[in-house]
*Asks:* 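Just passing along the structure, written as structure tokens.
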Amino acid sequence: MSLTARDIAEITRLLEDSSFDELDLEIDGLKIHLRRSGAAAAVSAPVPATTSTRPVPSMVKAAEDPALVAVRAPLLGTFYRAPKPGAPPFVEVGVKVEPETIIGIIEVMKLMNTVRAGTRGKVSDIRALDGSLVEYGETLLSIDPREPA
Amino acid sequence: MSIRRILIANRGEIAVRIARTCRELGIETVLAASEADRDSLPARLVTRVVCIGPAHPSASYLLPEALVQAALGTACDAVHPGYGFLSERAEFARLCEQHSLIFIGPTSEQLAAAGDKLAARAVAQQAGVPLAAGGEVHSHELARELAERIGFPLLVKAAGGGGGRGMKLVERVQDLEAALDLAAAEAGAAFGDARVYLERFASHARHVEVQVLGDGAGNVVHLGERDCSVQRRYQKIIEETPAPGLSVELRERLHDAALRFAARLKYRGAGTVEFLVDVTRSDYFFLEMNARIQVEHPVTEAVSGVDIVAAQIAIAEGQGLRQVRAESWPEGCAIECRINAEDPAHDFAPSPGLVRAVRWPQGEGVRVDTHVETGTTVPPFYDSLLGKIIAHGRDRAQALARLRAAVAMTRIDGVASNLALHSDVLADAEFSRGGVDTSYLARLLERRVRAAVRHG
């Protein structure tokens with residue numbers, strides 16, 4: 001990885017100062033997704049191109065917490081975090097969810113499939129990028145069920 | 001346009017086969033894999049894998065939308081459908097066309113024409129290709145009349161069927177109506193198309209098919225024929241080229257008939273025109289057209305020197321048949337054995353499971369197309385093909401000797417297989433002479449059962 005924490009802080013500051021709300025950056029296989037309205041920036045490593053298809057563990061330490069519950073993509077498609085472009089996301093990190101809470105949409109050939117949390121708890125980490133292709137079974141976000149609802 | 005990245009919408013040995021040629025051509029590959037195939041051999045040979053759904057094919061390999069979405073989401077410019085699954089589904093080809101993805105195969109219209117067996121009969125008729133007596137039936141009365149003219153036994157076939165599926169043999173007129181009703185109900189459930197038709201049944205015929213390639217503009221070439229008469233319940237087990245014992249004249253008539261059929265459709269891509277051949281009467285008739293690459297294509301590649309997958313890609317890129325025509329025609333003969341995970345001791349029931357150890361053969365003129373290695377799990381959701389052993393020789397005797405040695409060298413532990421059956425067929429005097437008909441394997445199996453009882 002060629003990026004340091006200081007680089008990320010610098011990139012974050014550049015976004016703050018810009019007129020944009022979101023930034024997607026890919027350098028040497030490291031993907032960074034920054035969102036101005038969000039409470040936190042999600043940083044995740046991409047799926048390596050040649051070897052395995054399994055989602056790589058997030059660089060966010062909390063994701064390795066075995067108590068966290070992964071919300072996985074029920075089908076392959078394009079993942080959207082918001083009901084329409086420009087609208088606020090369904091959920092953000094830190095938000096409390098019920099099993100029925102909609103956390104995103106997966107589009108397959110213009111057919112919109114809502115994805116629900118399936119678990120009660122607090123969103124601890126959002127992995128899937130808005131507008132990206134997600135595979136069947138890929139972790140979209142994780143929920144900490146220990147948080148009192 | 002030149003294709004840069006292909007989505008492989010298939011699995012197993014054909015996914016490996018497609019990936020191999022793509023690698024040779026410098027084309028990137030994305031494998032659309034079900035959850036059960038994420039760690040399969042083809043998944044390790046491609047540039048990238050995307051998981052399209054759970055193991056059951058109805059939720060993964062048979063979902064046109066998921067596959068097209070996977071191709072678009074990974075920036076593929078073309079889709080190779082392989083065989084089976086969605087390869088001959090016109091709506092899948094149409095969906096690709098609508099999203100500006102190159103479908104490596106015929107047009108959706110051609111798929112519809114070949115897939116509807118009654119439409120295909122009409123094309124054959126227009127092209128002057130001989131048809132078996134028969135036709136569509138709309139009522140029991142008309143069916144009886146037609147049946148009397150055809151004579152018994154006859155076949156009730158589904159317009160939406162093909163490849164041996166949706167067929168019923170009727171021996172006597174009193175069984176006709178029940179067979180028609182059952183066939184229509186089954187065809188409606190299985191293919192969403194309840195239309196059925198009658199066709200003369202030839203009990204002592206050979207299954208001979210001609211490999212064709214078309215550029216989509218009316219130019220078609222053939223790569224010779226294959227004899228696929230060694231079948232069990234209409235499923236091919238052994239295929240070879242050239243067909244043994246055909247006269248030059250009959251062989252040329254078959255090739256010409258296949259070319260007329262394909263030209264009539266202005267066929268695009270690789271396809272196979274299947275015939276039933278009565279060698280003693282030097283007679284033949286059209287069976288169906290398979291509008292895809294076939295399982296048994298390697299025997300044709302062995303004798304023609306043409307990489308059929310590469311030819312499919314070249315045609316899809318709009319290069320036409322230039323490459324194919326440039327190839328020379330080596331002499332020789334090639335035979336293929338399909339090694340299936342099925343248990344001959346239990347009526348060839350599929351035998352999925354963990355392949356604890358496997359040893360595939362090697363040797364001069366021997367080719368193995370497989371996705372199975374030691375440690376591979378054969379899932380219960382898909383066909384039971386473990387691999388294909390192909391032997392090529394300067395003549396049939398040499399090809400047969402090489403294939404016998406290759407099959408004897410092969411070991412598969414952990415799942416049951418039909419290896420021993422292949423050894424028996426290859427050692428059998430009747431098969432060694434060449435030119436067996438489609439009833440041959442059933443007779444051989446009966447002999448095996450009797451021998452087992454005697455020794456048991």
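Letters A, B, ... are given to chains in the order of the sequence lines, protein chains preceding strands, and every chain is numbered from 1.
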*Asks:* Report, in residue-number order, which members of residues 59-70 of chain B are under 4.5 Å from chain A by heavy-atom distance.
*Replies:*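 B:E65, B:A66, B:V68, B:Q69, B:A70, listed by number.
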
*Asks:* Just wondering, are more than 12 heavy atoms of other shown residues or ligands nearer than 6.0 Å to CZ in B:R4?
*Replies:*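 No, the 6.0 Å shell around CZ holds no more than 12 heavy atoms from other groups.
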
*Asks:* Taking the side chain as every heavy atom from C-beta outward, state whether A:M109 and B:L95 have any pair of such atoms under 4.5 Å apart.
*Replies:* yes

*Asks:* Name the option with the most non-hydrogen atom pairs under 4.5 Å to chain A; the candidates are B:A33, B:G53, B:G73.
*Replies:* B:G53

*Asks:* Please list, in residue-number order, every residue in residues 17-30 of chain B that has a heavy atom less than 4.5 Å from any heavy atom of chain A; write 'none' if there are none.
*Replies:* none

*Asks:* Name the region of B:L72, side chain, backbone, both or neither, that has any atom closer than 4.5 Å to a heavy atom of chain A.
*Replies:* side chain

